[in-house]
Number of protein chains: 2
Amino acid sequence: MLRIACNSTRTRKLANEFEQGRHTSRKNRGRGGDGKMTIHPTTSGEPDTKTRILDVAGPLFARSGFTGTTVREICRAAGVNVASIKYYFGDKESLYLETVRLARALRADRYPFPDWSDDSPAENKLFEFVSALLRRLMAGQAAPWSVQLLMRELMEPSEACRTLVAAHFQPVFESLLNIIDQLTPQPLSRSERLKVGFSIIGQCLHYRFGREVVALLVPEKLKNEFGIEQLASHITQFTLAALRADVDLESLQNNHS
Amino acid sequence: MLRIACNSTRTRKLANEFEQGRHTSRKNRGRGGDGKMTIHPTTSGEPDTKTRILDVAGPLFARSGFTGTTVREICRAAGVNVASIKYYFGDKESLYLETVRLARALRADRYPFPDWSDDSPAENKLFEFVSALLRRLMAGQAAPWSVQLLMRELMEPSEACRTLVAAHFQPVFESLLNIIDQLTPQPLSRSERLKVGFSIIGQCLHYRFGREVVALLVPEKLKNEFGIEQLASHITQFTLAALRADVDLESLQNNHS
DNA sequence: GCGCCGTTAAAACAAGTGTTTAATAGACTG
DNA sequence: CAGTCTATTAAACACTTGTTTTAACGGCGC
């Protein structure tokens, strides 16, 4: 079971660690940022301005996206002046990039995808994978902002952090492919392997991306049969059945033109 | 095979027919719009201003969405003054609504989903369905703007036309459910039926919604194995296999807690 | 002619946007 | 204390957004 509560104190701490080696963005023409890096002038427990901005920008960007979030909104929430963004990050886009990087760092540290020991049967691993993915996708409001932000980037990556996001999701997908390998007695072709992988995460992602359609098409009284556990169970069964019977269908390959 | 070319002359004509019974929006405080409906003052072939706006707003909204499109952009493209939008539609949102309605009318008239005769085997119907859906989803730039716009609304419906869009996609989904019924010897439970339907369209939609991820995860040299025909073939086989073997898996139902 | 009416045009409006300036306060150093 | 550097502020800047005003144009009946 995944913990999805977000400890804000820990977030701030990690944000601080993270900024140490990172905060020289290319457009940083401000007087702050790079330089001799004085250790916090105020020795009180109060987090400094830069940390406060990052702390508050994450959830906002995660909720409303890049263009949907204004710098004034961020600064108001953080209780700082609008000029601080230029001072510490250069411009809005650099702040966004920094936020995505922070999200990735938080996620990698605290929410690694389960790396199951090899003794459990592959069927269980598949269920666990689907279940975990669904949980993250559907958490929505309840999910930590880092998850929301990365999911948003997964849907429509910004040009700037496309590779960053790819690097983040690649190993997840890779572990799914490994599970698939364990489920298929004879190895699939490279492209078949990928397509099966996409069929699985496609079934999962649909409940997020197509959330609105699902809500419209499922009658109210059946909604209680669409819980995460039940969906994960269905997707797992559907996939296992497809993989079991896959061999019989090779003959149908060229049935259609 | 579906025709996806968009005849602009025909579009204009339909737009005119369409406006006849429709163009009294609630916020229409302008002098034009409702009233005695004078038949085109200029008898030349040149389309009037309202039609020109609608004609040009459709593709723009389809490409960039509601907030991504500015009224000035529309008016510049249509060669009309910005005030015309208030005059004919009241405001931007009403124009957008009108555009969605027009898209729906165009789609319903010209691109009905295939309503196969009952003699062809259900397996073929499934392939045709998946193939048609994929084609519409992936057409992207090449698709008529009406399809693009409705697909956009499918992903994130505007509050205003949620029911409109639902009414549009409902019968499509219904026909998929019918195909599923024909493929399963003993009838599925109501929720199972829906879940199988979602598994199918989920696999399809993923190649649109998760387009970016797919592009990142498929190595360049395998890209040619991800054409629409091949994907449709895979999804069809995957689904058929799952449905065939579905019975054996009922026992696994309560395997996980 | 004259006024009427539907239509269009240019300009202004008010409220945003990201960004930048110039000034200020507060430390620390010489 | 003066000087310098960091940090922060209020205000302005330049621009875009949707919307609205005001005036002018052009055909029409009288």
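Here is the naming used below: chain letters follow the sequence lines, and residue numbers restart at 1 for every chain. It should be emphasised that the depicted structure is a prediction, and the values quoted were computed from it without experimental measurement.
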Atom pair distance, as rounded to whole Å: [atom1] in [X] and [atom2] in [N]:
{"X": "B:Asp91", "N": "C:dC13", "atom1": "CG", "atom2": "P", "result": "22 Å"}
{"X": "B:Phe89", "N": "D:dG18", "atom1": "CZ", "atom2": "P", "result": "15 Å"}
{"X": "A:Ile85", "N": "D:dA7", "atom1": "CD1", "atom2": "C1'", "result": "16 Å"}
{"X": "A:Arg76", "N": "C:dG16", "atom1": "CZ", "atom2": "P", "result": "10 Å"}
{"X": "A:Glu73", "N": "C:dT17", "atom1": "CD", "atom2": "P", "result": "8 Å"}
{"X": "A:Glu93", "N": "C:dT17", "atom1": "CD", "atom2": "P", "result": "18 Å"}
{"X": "A:Asp48", "N": "D:dT8", "atom1": "CG", "atom2": "C1'", "result": "13 Å"}
{"X": "B:Asn81", "N": "D:dC25", "atom1": "CG", "atom2": "C1'", "result": "13 Å"}

Distance test, side-chain N/O of [X] to OP1/OP2 of [N], below 4.0 Å:
{"X": "B:Lys92", "N": "D:dG18", "value": "yes"}
{"X": "B:Thr49", "N": "C:dT8", "value": "yes"}
{"X": "A:Lys86", "N": "C:dT19", "value": "no"}
{"X": "A:Tyr88", "N": "D:dT8", "value": "yes"}

* Indicate, with a heavy-atom threshold strictly under 4.0 Å, whether B:Thr67 touches base, sugar-phosphate, or nothing. => nothing

Item to complete: Could you check whether B:Ser84 gets within reach of a base, just the sugar-phosphate, or nothing at all, counting any heavy atom under 4.0 Å?
Response: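 Since no nucleic acid heavy atom lies under 4.0 Å of B:Ser84, the category is nothing.
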
query: Does one side chain, of B:Ser158 or B:Arg162, offer a donor that lies under 3.5 Å from an acceptor on the other?
result: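 No, B:Arg162 and B:Ser158 have no side-chain donor paired with an acceptor closer than 3.5 Å.
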
Selected nucleotide, minimal atom distance to [X] side chain, candidates [options]:
{"X": "B:Val82", "options": "D:dT6, C:dT17, D:dT19", "value": "D:dT19"}
{"X": "B:Ala83", "options": "C:dT21, D:dT8, C:dA9", "value": "C:dA9"}
{"X": "A:Tyr87", "options": "C:dT17, D:dT19, D:dA7", "value": "D:dA7"}

Applying side chain to side chain donor-acceptor pair (under 3.5 Å) to B:Glu73 and not counting sequence neighbours gives B:Arg63

Check your understanding: Which residues satisfy the side chain to side chain donor-acceptor pair (under 3.5 Å) test with A:Ser84, sequence neighbours excluded?
Key ->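 Here no residue qualifies.
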
Margin query: Let's test your reading of the model: under 3.5 Å, does the base of D:dG18 pair with the side chain of B:Arg72 as donor and acceptor?
Written below: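 Answer is yes: a donor-acceptor pair is held.
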
Look at the side chain of B:Ser146 and the backbone N and O of B:Leu106, then say whether any donor-acceptor pair between them is shorter than 3.5 Å. no

How are the rings of A:Phe226 and A:Tyr207 set relative to one another: parallel (under 30°), tilted (30 to 60°) or perpendicular (over 60°)?
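Aromatic pair A:Phe226/A:Tyr207 classed tilted.
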
